Amino acid sequence: MEAQQQETADGENVLNLSRLGLETLSADTVAEERRREVQQLLLPHNRLLVLPDTVASFSQLLLLDISNNGLAFVGEALLGLAKLRTLLAKNNRLDQFSLPKELGRMGLEVLNLGGNRFEEVPSQLLELRTLKSLSMGGNRLKSIPAEIENLNSLEFLYLGGNFITSIPPELANLRYLSYLVLCDNKIQSVPPQLAQLHSLRSLSLHNNLLTYLPREILSLIHLQELSLRGNPLVVRFVRDLMYDPPSLLELSGRVIKSRNLAYSRCELPENLLRYLDLASKCPNPKCAGVYFDSCVRQIKFVDFCGKYRLPLMHYLCSPECSSPCSSNSQSESDSEDEASIAAHRMQKVLLG
């Protein structure tokens, strides 16, 4: 009776059997005629340890949700669902040995296996040529197989929250890929081949071990979202923006060099002479200042897709010294609104 009340609320083609404490799904639970009508079967938050064989009798099923159970095995019953397009099986106990070997013959378009125990991507998943969305976040994956390129219909790939250390160049062969999420891994570099992902609109790389990005990434002209926060690339950049006030020694040296005060080598000790020879001129053409050890680290930006500006570090003699290349000034044609928008986009790149 409870199941009937739920299915009525969800629509004629939806059967909602979630949160009923089911340990199995017997043929008596749902009438045979009803099983032939259902297109969406919702079984999340139950106590299923294996996929019930009865599921195969839902011949018109387009969507099956078996998330948040204790599932450790999905058997051959799944292969009987010839029309199935969406399989949601997140937050279970599945691993690379839990799926039927013939899974690659199915016509799945959406597959969510997040929050399970996969240590590698099962080979049969890499045969799903019609797959458009694959989510395997929150597993134990250590690598992305080169055969990922076989999923040539893929538009969305979520592999965040694993232990992945590298990105295979073959990933760049996914011509329709629009959303790539690789956050919260241990990735140390981005292959330049990723610039071939011409359909890519969103790239999430935050909380990895990236220390640089390849210049080729500037070729991703359709990219609208880029997340890099929590990488050494950004952490070091933000930290380096801090300004350490100059010492009395440096202040004295600046006065001597900037005002061209005369001094002879017989008047100063050798160590001070060497110090004065280390003076660096401020890069701001409107500034005649110099610096030694203490400087302001600021940035000039490289335009990225007309949306973001990526940072290149340069140095100024003091916080009061503005530079035509710095983040605080724009060209004369830029308005204050444009400067504000550029700063917002810069923050979006660095901090997500």
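If you're wondering where the values come from, they're calculated on a predicted model, not measured in any experiment. This chain uses plain numbering: 1 for the first residue, then up along the sequence.
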Quiz item: Can you name the nearest heavy-atom pair linking Asn92 to Leu71, along with the distance?
Solution: OD1-N, 3.2 Å

Exercise. Give every residue pair that meets the salt bridge (Lys or Arg N to Asp or Glu O under 4.0 Å) criterion with at least one member in residues 92-118, sequence neighbours excluded.
Key: Glu102-Arg105

Practice problem: Just do the side chain to side chain contact (heavy atoms under 4.5 Å, CB included) check on Leu125 and Leu113 with the steps written out, would you? | Solution: CA-CA 11 Å; Leu125 292 193; Leu113 297 172; 3.8 Å; yes

Quiz item: Hey, are Ser26 and Asp28 close enough side-chain-wise for a donor-acceptor pair under 3.5 Å?
Solution: no

Quiz item: In terms of heavy-atom contacts, does CG of Leu248 have more than 12 from other residues, nucleotides or ligands at under 6.0 Å?
Solution: no

Quiz item: More than 12 foreign heavy atoms under 6.0 Å from CD of Glu33: is that the case here?
Solution: no

Quiz prompt | Member of Asn207, Leu213, Ile187, Leu210 meeting the side chain to side chain contact (heavy atoms under 4.5 Å, CB included) criterion with Asn231 | solution = Leu210

Quiz item: Which pair of non-hydrogen atoms, one from Phe73 and one from Leu94, has the smallest distance, and what is that distance?
Solution: N-CD2, 3.7 Å

Practice problem: Tell me, yes or no, whether the heavy-atom count around Tyr176 atom OH, taken from other residues, nucleotides or ligands under 6.0 Å, exceeds 12. | Solution: no

Practice problem: Find out whether Thr165 and Asn185 are in side-chain contact, i.e. whether some heavy atom of one side chain is under 4.5 Å from a heavy atom of the other. | Solution: no

Quiz prompt | Main-chain N/O of Val30 paired with Arg35 side-chain donor or acceptor, under 3.5 Å | solution = yes

Practice problem: Evaluate the side chain to side chain contact (heavy atoms under 4.5 Å, CB included) criterion for residues His206 and Asp184: first the C-alpha distance (whole Å), next the side-chain angles of each, then the deciding distance (0.1 Å), finally the verdict. | Solution: CA-CA 6 Å; His206 52 271; Asp184 299 288; 4.1 Å; yes

Exercise. Quick one: closest heavy-atom pair of Gly21 and Arg47, and the distance?
Key: O-CD, 3.9 Å

Self-check item: CA sep, side-chain torsions, deciding dist, call: Leu78, Leu64, side chain to side chain contact (heavy atoms under 4.5 Å, CB included)
Solution: CA-CA 10 Å; Leu78 184 68; Leu64 174 61; 4.1 Å; yes

Exercise. Indicate whether the side chain of Asn139 and that of Asn162 have a donor and an acceptor atom separated by less than 3.5 Å.
Key: no

Exercise. Please examine the side chains of Asn150 and Arg129, heavy atoms only from C-beta on, and report whether any two atoms are closer than 4.5 Å.
Key: yes

Quiz item: Can you check whether Tyr179 reaches Glu155 side chain to side chain, under 4.5 Å on heavy atoms?
Solution: no

Self-check item: Test item: Asp65 and Asn112 side chains (from C-beta on) under 4.5 Å apart, heavy atoms
Solution: no

Self-check item: Min side-chain heavy-atom separation Leu87-Val74 under 4.5 Å
Solution: no

Quiz prompt | Greater than 12 external heavy atoms within 6.0 Å of Phe97's CZ | solution = no

Quiz prompt | side chain to side chain donor-acceptor pair (under 3.5 Å) partners for Thr86, two or more places apart | solution = none

Quiz prompt | Evaluation steps, side chain to side chain contact (heavy atoms under 4.5 Å, CB included), between Val121 and Ile148 | solution = CA-CA 9 Å; Val121 179; Ile148 194 77; 5.6 Å; no

Practice problem: Taking the side chain as every heavy atom from C-beta outward, state whether Phe156 and Lys132 have any pair of such atoms under 4.5 Å apart. | Solution: no

Quiz item: Mind checking whether Leu182 and Ile144 have side chains closer than 4.5 Å, heavy atoms only?
Solution: yes

Practice problem: List the atom of Arg265, the atom of Asp277, and the distance in Å for their closest heavy-atom pair. | Solution: NH2-OD2, 3.7 Å

